Amino acid sequence: MDYNFIEIERKWQSWWAEHKTFKAENHSAKPKYYVLDMFPYPSGAGLHVGHPLGYIASDIFSRYKRLKGFNVLHPMGYDAFGLPAEQYAIQTGQHPEKTTRDNVARYREQLDRIGFSYDWDREFRTCDPDYYKWTQWAFLKMFGSWYDKSVDKARPIEELEAAFERGGSAAVDAACSDGPAFTADEWKGFSAREKSDVLMRYRIAYQGESTVNWCPALGTVLANDEVKDGFSERGGHPVIQKKMTQWQLRVSAYAARLLEGLDRLDWTDSLKEMQRNWIGRSQGAEMVFKVECDGVQHDVTIFTTRADTIFGVTFMVLAPESEWVEKLTSAAQKEAVAAYLEEAGKKNERERIAGKAVTGVFSGSYGINPLTGEKVPVWISEYVLAGYGTGAIMAVPAHDSRDYAFARKFNLPIIPLIEGADVSEESFDAKEGIMVNSGFLNGLSVKEAIPAAIDYIEAHGLGRRKINFRIRDAIFSRQRYWGEPFPICFKDGIATPLPFEALPLTLPEVDQYKPTETGEPPLARAKDWTWDGAPLETSTMPGFAGSSAYYLRYMDPRNGEALVSREADEYWRNVDLYIGGTEHATGHLIYSRFWNKFLYDLGYVCEDEPFRKLINQGMIQGRSNFVYLVPGTNKFISLGLKDRYETIPVHVDVNIVRNDRLDLEAFRRWRPEYADAEFVLENGEYICGWAIEKMSKSMYNVVNPDYVCDTYGADTLRLYEMFLGPLEQAKPWSTDGIDGVNRFLKKLWRMFWDREKWLVTDEAPTPAELKTLHKLIGKEQEDIENFSFNTTVSAFMIALNELQGCSKRAILEPILILLSPFAPHITEELWHQLGHEDSITWASFPEYKEELTVENSVTYPVSFNGKTRFTMDFAADASRETIEKAVRESAQTARYVGAQSIVKVIVVPGRIVNVVLK
RNA sequence: GCCCUGGUGGCGGAAUGGUAGACGCGCUGGACUCAAAAUCCAGUAUCCCUUAAAGAUGUGCGGGUUCGAGUCCCGCCCGGGGCACCA
């Protein structure tokens, strides 16, 4: 019998499906383990070999955990709302639902071929109304909640109204947008419209005006994480800053908890660091500067992290968008300021970043340094951001490089405050040194001076300690069709939530998927897009809405009454292992944590962090191949000879190259223009050049997993992707070496079969064979737990080499179990051939016996200077010569260390390998 | 600029502070074969050298700690990723 992987893989894939082998029950006596992949967006291009890397790793771990006796939840689904399907719809008129369904079907087919152990009964798409009902539900809950800072959690909005009733806005300490304070009586006197406006400033999902990223080409707003360097992440279109009223999520209210929660997570340092940067906590002080403008006094609050440098303030700066600008512009400067604002407003974000030009204008007003009483001019400049802190700063050019550049440009004074700091060429930004020119702070180090300055400021009522976060609220509406509709209508212009019974509010049909002529979102095209006579919201939710709580839905995917039942939630709790790429560090992984914490506050889920352990699989890059064309001819030169000709490199499809050798016939067939290509060969072969590039169609380096499954089988693909290198490291795909793992599987097969002859016997294994087996068991266990899958595969190869010719059931059976997470098909087949009825999935991981793996060794006492000083362990086969030499050398070593402290020296032929000290 | 990462043969990559280069690919030679494929066996860091033995040199660079450093410490260089007028 031959190793016919095509037949074997097909057979077991359908067997698993029929027997629902991987169905997870929500009740079990076994301990639970939840393994999740970041679900894919089903694009039209299908999967390439890079996609399954993380899926294979998580599948191996799932199967391993099952062998270890866990009840494993390992689900899969699709993040199906999104831009590409919509843009395809705009071009072709095809409904995104249809495109999505087709793409999902193709993904499913490709995934099925790799033999994943998903519980497909739990599959869903985020665009299924049964699913997005719960996305809409969560939104309504956020709409109906506010954030109480005094207890640090979200609470129902009714409780806020009650508090206003009792004591007005002063009665609560809430995370909210800016607005005027009011008393209980004023609240009671407000109209319905006014009350609604006030509450909107407090809601966790709220509508508010802010500067947003507007992408004209896409016709929609984007969240901060969807913009990279001033261009949209999807499509790469320019993005501009625009003030607009949009739905937003008050993520900023959770900033401190999102930051603090990271300490309890088993994530990589780099990913935690990315989130920390994104959240951007900074500790400092708010200080009030009196500012006089045309004889009128104002109190302007600034934020600084360097309160110690207050004696070096030589000017103040306002952000152009700051509301202070209008109040603090003097009559004399009005024109100049207006001109500056207009100029600044024209620039888009990209130019602002790229230019980094120092620009600004004098406002005409002067502030008073609260400590020195000194008068300093107030300037306006775009280097100060309106959205951070208070939108106003005190400038200390001697110790802040941005202030320094500004001071130089506009000739403002620079006062150094740190002993020995030379500020003639550049500012001294470091937080070290001894303070000078700083009144009561003189003589303190910077680290002492910062708290001392803040203490002084607080004691004199000039300001207070303050922690600022960089993270902004998430813009939650998109002017697009293919997303969740908002369950919100506008009754008399007041945003009103739809009742729960109205969910899911399904997407209406529209005749076209693009915005209307007047620039309204596509949903404005829908007929009768109203609820109870009131117009419905026409924007839809962003992509991250559907992916923020999907891990909860897998626990209980068909529940019509709740996102997840309390029972299911309390059983599965949260994700034990989450595998996916780093690209979601500041998007999905922040939003999910926020969303989960919100649901936790309201008591819908029992864990406040969704993903306990997270592993980032590295990206698989493409390995492109080149042929070298002599321009103007049809002649191609092999790599080693190309320098003898004038050539240009041309990308060649990697699928017709093996081990950098070009398949000449396939090349001639590849393109009509190459049909009569000529080749200059070396040693009868055409050697291609290569380069590591992103895997993409245009570079002809895309490798489809189907191709690998056809030629080598899914088991080879799985093993090979793991063998390629460490899971978390980015690495190029190359098919070089795939033969090696394929050979390994064939070798395994031949331990069972010699052509038609069944080889397995019930003979008892030798000690050496047992030693090999137990070495393998120990190594497997350790490496899998550490996600070191590449060395695990190596360990199998070593074991098989050592066990050559051994066809004993007592050895082969445990090996099949060990290997089954990696190569489930071949092991399942051989397992059944050994006479088992049940799936290998339900076998137990073999028990590890350490005593069977200890190296044979002989212990000798070593004496010198007439005394036995220590013992040495030698390999059993070490020669007399070796031993004598080792003793001589170790005696020298012993003198260095002091012989008494040596307990033993382990020696293998030739050299001392281990000196064990007491 | 700041923060993560990583740097080891021809290639992918192994190495709790203890024989550097496991395992695989590739390459060389051999066996089997009419021949090839498949399979199996042996060799394969560099230098010196006909070869071997024996040396010497070797983990980006320069120092240090240690009986002993790819691994730990200090200072650089280079690649990959993230953040960035965030006061």
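Just so it is clear: chains get the letters A, B, ... in the order the sequence lines come, proteins before strands, and each one is counted from 1. Just so we're clear, the structure is a prediction, and the values are computed from it rather than from any experiment.
- The interatomic distance linking Leu727(A) (CG) with U5(B) (C1') rounds to 15 Å, in whole Å.
- Within the cation-pi definition used here (under 6.0 Å to the ring centroid, within 45° of the axis), Arg593(A) qualifies as a partner of Trp267(A).
- When each of Met797(A) and Met274(A) is assigned the nucleotide of RNA chain B with its nearest heavy atom, Met797(A) is the one assigned upstream, toward the 5' end.
- The side chain of Thr305(A) has A87(B) as its nearest neighbour among A87(B), C83(B), G81(B).
- Gln283(A) places no side-chain N or O within 3.5 Å of a backbone atom of Thr305(A) that could act as its donor or acceptor partner.
- When heavy atoms are screened at a 4.0 angstrom cut-off, Ile798(A) is found touching the sugar-phosphate backbone but no base atom.
- Pair assignment for U71(B): none, as no Watson-Crick or G-U wobble contacts are both less than 3.5 Å.
- With both pairing distances under 3.5 Å, U57(B) is matched to A45(B) as a Watson-Crick or G-U wobble pair.
- For Asp754(A), the CG atom counts as densely surrounded, since its 6.0 Å shell holds more than 12 non-hydrogen atoms of other residues, nucleotides or ligands.
- Spacing between G63(B) and U57(B) at atom P, rounded to whole Å, works out to 15 Å.
- Rounding to whole angstrom units, CZ of residue Phe744(A) and P of G12(B) are separated by 23 Å.
- Here, U65(B) and U71(B) have their C1' atoms 14 Å apart, quoted to the whole Å.
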Worked check of side-chain contact (heavy atoms from CB on, under 4.5 Å) between Leu259(A) and Arg276(A): CA-CA 6 Å; Leu259(A) 187 68; Arg276(A) 289 197 186 103; 3.7 Å; yes
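- Arg470(A) places its CZ atom 7 Å from the P atom of A84(B), with the value rounded to the nearest Å.
- A side-chain donor-acceptor contact under 3.5 Å links Thr390(A) to the backbone of Ala392(A).
- Anti is the conformation of G80(B), whose glycosidic angle sits further than 90° from 0.
- Counting only N and O atoms by type, the side chains of Asp403(A) and Tyr383(A) include a donor and acceptor under 3.5 Å apart.
- Here Pro732(A) lies out of heavy-atom contact (under 4.0 Å) with every strand.
- In this structure, Arg718(A) contributes its side chain and Phe822(A) its backbone to a donor-acceptor pair below 3.5 Å.
- The interatomic distance linking Asn277(A) (CG) with U5(B) (P) rounds to 13 Å, in whole Å.
- In this structure, Met394(A) atom CE and A87(B) atom P are separated by 12 Å, rounded to whole Å.
- Crowding of Glu782(A) atom CD: a count of heavy atoms from other residues, nucleotides or ligands under 6.0 Å not exceeding 12.
- The gap from the P atom of G17(B) to that of G12(B) amounts to 25 Å, rounded to the nearest Å.
- Nucleotides C49(B) and A54(B) place their C1' atoms 12 Å apart, quoted to the nearest Å.
- Between G43(B) and A53(B), the distance separating the two P atoms is 12 Å to the nearest Å.
- Mapping Gly740(A) and Pro726(A) onto RNA chain B by nearest heavy atom places Pro726(A) at the nucleotide closer to the 5' end.
- Between A56(B) and A20(B), the two P atoms lie 13 Å apart (nearest whole Å).
- If you take CZ of Phe469(A) and P of C83(B), they are 19 Å apart, rounded to a whole angstrom.
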Please write out the pairs of protein N or O atoms and N or O atoms of nucleotides 38-40 of chain B separated by less than 3.5 Å, giving the distance to one decimal.
residue	atom	partner	partner atom	Å
U39(B)	O3'	Arg750(A)	NH2	3.0
C40(B)	OP1	Arg750(A)	NH2	3.1

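- An OP1 or OP2 oxygen of G13(B) is reached within less than 4.0 angstrom by a side-chain nitrogen or oxygen of Gln729(A).
- Across the protein-nucleic acid pair, Lys779(A) atom NZ and A15(B) atom P stand 6 Å apart, rounded to whole Å.
- Among the atoms of the strands shown, none is found under 4.0 Å from any heavy atom of Arg281(A).
- Closest contact between the side chain of Asn790(A) and the listed nucleotides A87(B), A14(B), C4(B) involves A14(B).
- Among the nucleotides A84(B), A22(B), U5(B), the one closest to the side chain of Trp278(A) is A84(B).
- Taking a pair to require two hydrogen-bonding distances under 3.5 Å in either a Watson-Crick or a G-U wobble arrangement, G6(B) pairs with C78(B).
- Among the nucleotides G82(B), G12(B), A87(B), the one closest to any side-chain atom of Phe723(A) is G12(B).
- The residue Ser794(A) sits close to a base: some heavy atom pair falls under 4.0 Å.
- Listed candidates were C83(B), G24(B), G13(B). Nearest to the side chain of Lys731(A) is G13(B).
- Atom CD in Glu321(A) sits about 13 Å away from atom C1' in C85(B), given to the nearest Å.
- In summary, the side chains of Ser401(A) and Asp429(A) do present a donor paired with an acceptor at a separation below 3.5 Å, with no hydrogens or angles considered.
- Checking A15(B) for Watson-Crick or G-U wobble geometry (two distances, each under 3.5 Å) identifies no partner in any strand.
- When both pairing distances are held under 3.5 Å, A38(B) makes no Watson-Crick or G-U pair with any nucleotide shown.
- C41(B) and C23(B) have their P atoms separated by 13 Å, given to the nearest Å.
- Tyr383(A) has no side-chain polar atom (N or O) that falls below the 4.0 Å cut-off from OP1 or OP2 of A87(B).
- Between Phe410(A) and Phe315(A), the distance from one ring center to the other does not fall under 6.0 angstrom.
- For Asn801(A), whose side chain is taken as the heavy atoms from C-beta onward, the closest listed nucleotide among C23(B), A14(B), C83(B) is C23(B).
- Going from the P atom of C85(B) to that of G13(B) covers 34 Å, rounded to whole Å.
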